[in-house]
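Lettering follows sequence order; numbering is per chain, from 1.
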Amino acid sequence: MINFRLIAAVLGLVIVGVVAFCAVFAGWIVPHDPFVQNLDGRMIPPLFMEGGQAGHFLGTDQLGRDYFSRLILGARISLLIGVATVITSGLIGITLGLLGGFFGGRVDDVVMFAITCRLSIPLILVALTVVGLVGSSLTVVVLTLGLLLWDRFAVVARTTTMQVRNLDYVAAAWASGCSVTHIILKEVLPNIVHHLVVVATLEMALAILLEAALSFLGLGVPPPLPSWGLMIAEAKDYMFFTPWVIMVPGIALFVLVLGINFLGDALRDILGATRDA
Amino acid sequence: MSETLLDIEGLHVRFGGMHAVRGTALKVQRGETHCLVGESGCGKSVSALAVMNLLSRGARRDATRMEFMGQDLLGLSESGMSKLRGDAMAMIFQEPMTSLNPAYTVGSQMAEVYTRHRGGSRNAALLRAAALLAKVGITAPEMRLAQYPHQLSGGLRQRVMIAMALMCDPKLLIADEPTTALDVTVQAQILRLLLELQRELGLAVLLITHDLGIVARMAHRVSVMYAGEVVESAPAEALFAAPTHPYTRGLLECVPVPGRVRRDEKLGSIPGTVPRVREGFAGCGFRERCSQAMAECAGTIPARERVPEHRYLCRLAPDWRAA
């Protein structure tokens with residue numbers, strides 16, 4: 001029998017691994033400066049299409065910049081936004097969820113109220129408004145998304161904490177003289193972290209997509225930075241005549257998000273399995 | 001060497017309107033096993049948790065006296081209390097399968113307890129952990145130290161729990177139904193281990209159980225709890241020789257003796273269930289289920305003494321017979 005889960009896991013690992021490698025070593029990989037324009041060499045098709053030129057593997061864009069180089073640098077921007085957003089939102093969400101789930105009562109009421117408030121905020125609308133008012137930059141995009149995407153972390157951390165806090169080993173920890181902080185951070189957190197890792201992968205994919213959406217609407221990272229969403233946005237005016245300019249970043253985005261989700265599923269299986277033994 | 005280690009008097013625990021423990025008195029001498037017996041819901045575990053001050057939120061605890069090694073537990077701060085927990089008084093639980101944290105190795109959990117209370121290096125703590133694992137009868141302790149709880153069987157985990165409780169040389173070990181979840185054979189091993197450890201280390205054990213077979217094997221002193229009260233308290237031999245409270249007698253009749261009980265013979269049972277006692281309840285908690293109940297059982301029940309050290313809480317004379 002073909003093990004689809006294993007295939008998906010390996011595929012996810014390879015995709016994320018390759019993109020992460022590109023992101024980290026972008027400076028060494030890029031064959032051309034991704035910012036240098038060449039108005040004589042605009043819209044060169046990729047190598048495997050008719051009219052492709054050696055030296056421009058994926059062709060050039062409307063300003064004659066090497067598309068492959070921009071895609072690789074774009075991986076850095078996209079992953080950076082994904083990771084930074086997940087760290088920000090994870091810190092907020094996990095802290096709130098742990099506190100609410102562990103202490104219950106009043107504390108939990110406050111946390112639940114915050115979660116409900118957050119869920120009633122239309123994500124894209126607020127992100128657009130904030131970025132539109134403050135002005136777009138990488139930091140602003142990360143902070144905005146980070147401050148908006150913590151709800152799932154909080155919900156998952158809260159419910160899993162509630163399950164764990166009443167388990168016997170937590171009682172045993174109390175009975176062996178642990179402090180509250182020790183119990184939350186050392187007894188509860190390690191036992192819910194496998195749920196949170198899965199949430200993190202989902203949120204990372206979501207953050208990358210949201211950044212693409214913001215960039216597409218012209219409010220994400222400012223040009224000439226090559227984020228994948230921005231590349232799609234810039235390419236949309238030319239898609240009827242030169243469809244590859246929108247296909248290349250579009251496929252890259254699709255594959256990366258798919259890979260992250262595969263990886264999340266695999267992590268859930270692996271981490272879940274060791275607990276249930 | 002009859003020195004009182006734990007001395008509780010007039011302990012009350014209330015959960016909202018429920019009166020879970022009503023004026024319990026308990027004395028545990030140094031180096032003796034004190035068994036707390038009763039059905040589920042009698043307040044045995046709650047009393048033990050009250051000693052550790054580990055009751056769940058919403059529980060109120062008060063007592064006229066609560067002393068441990070001459071130290072007043074009632075006035076002790078939370079940080080003072082957590083210095084005692086796991087150090088001078090340790091606790092083991094009913095479910096060995098879930099009492100160990102699945103995220104850490106056995107060794108790191110054991111070392112953690114020790115370094116928290118005693119400081120010192122992690123390696124020293126691990127050495128002590130290995131020595132204690134060997135003491136509780138675990139072969140290849142070094143290998144076990146590196147294993148995670150899910151790699152151990154139930155009996156092994158309970159041995160690990162016991163070893164972990166012994167890390168800081170506790171004076172008092174509270175064992176809340178430590179063998180209930182185990183096979184009978186493993187149960188016997190664990191009980192033997194507890195007996196040996198107690199003899200060797202001079203440990204006082206407060207053993208909570210509903211199994212009178214365990215009591216007969218382990219106890220120096222027995223307190224029978226019913227509906228939040230200690231209804232009878234006596235040295236173990238005295239209690240088994242002359243059970244006086246109707247509830248104690250009822251409990252003893254419920255124990256089947258292999259060889260003496262015939263097939264198809266009806267086992268003894270006490271009709272009804274433990275009442276949930278609300279605030280303001282008066283009289284004997286057992287009167288609804290008691291064959292000897294009379295109108296006066298709803299009034300104040302005298303605390304009687306059969307012989308010195310053998311006290312019980314009933315209107316009946318010490319030598320009553322079932323009519």
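Taken from CG in B:Asp176 to CG in A:Asp168, the straight-line distance is 9.5 Å, to the nearest 0.5 Å. Taking CZ of B:Phe93 as the start and CG of A:Leu167 as the end, the distance is 12.0 Å to the nearest 0.5 Å. Rounding to the nearest 0.5 Å places CD of B:Gln109 at 9.5 Å from OG of A:Ser176. The CG atom of B:Asn53 sits 10.5 Å away from the CH2 atom of A:Trp174 when rounded to the nearest 0.5 Å.
For B:Arg118, the CZ atom counts as densely surrounded, since its 6.0 Å shell holds more than 12 non-hydrogen atoms of other residues, nucleotides or ligands.
Of the atoms belonging to B:Gln94, not a single heavy atom falls under 4.5 Å from chain A. Proximity to chain A is absent for every atom of B:Tyr148, based on heavy atoms less than 4.5 angstrom apart. For a residue to count as touching a neighbouring chain, one of its non-hydrogen atoms must lie under 4.5 Å from one of that chain's; by this rule B:Met81 does not touch chain A. Contacts of B:Leu54 with chain A are made by side-chain atoms alone, with heavy-atom separations under 4.5 Å and no backbone atom involved.
Within residues 84-104 of chain A, the residues having any heavy atom closer than 4.5 Å to a heavy atom of chain B are A:Phe102, A:Phe103, A:Gly104, listed by residue number.
Each of B:His117, B:Met91, B:Lys83 has some count of heavy-atom pairs under 4.5 Å with chain A, and the biggest count is that of B:His117. For chain B, the option among A:Ala171, A:Gly105, A:Ala173, A:Cys178 with the highest count of heavy-atom pairs below 4.5 Å is A:Cys178.
When all heavy atoms are compared, the tightest approach of A:Ala175 to B:Met52 is O-CE, 3.6 Å. When every heavy atom of B:Ala103 is checked against every heavy atom of A:Pro190, the shortest pair comes out as CB-CB, 3.7 Å. Nearest heavy-atom pair across B:Asn101 and A:Lys186 is ND2-O, 4.0 Å.
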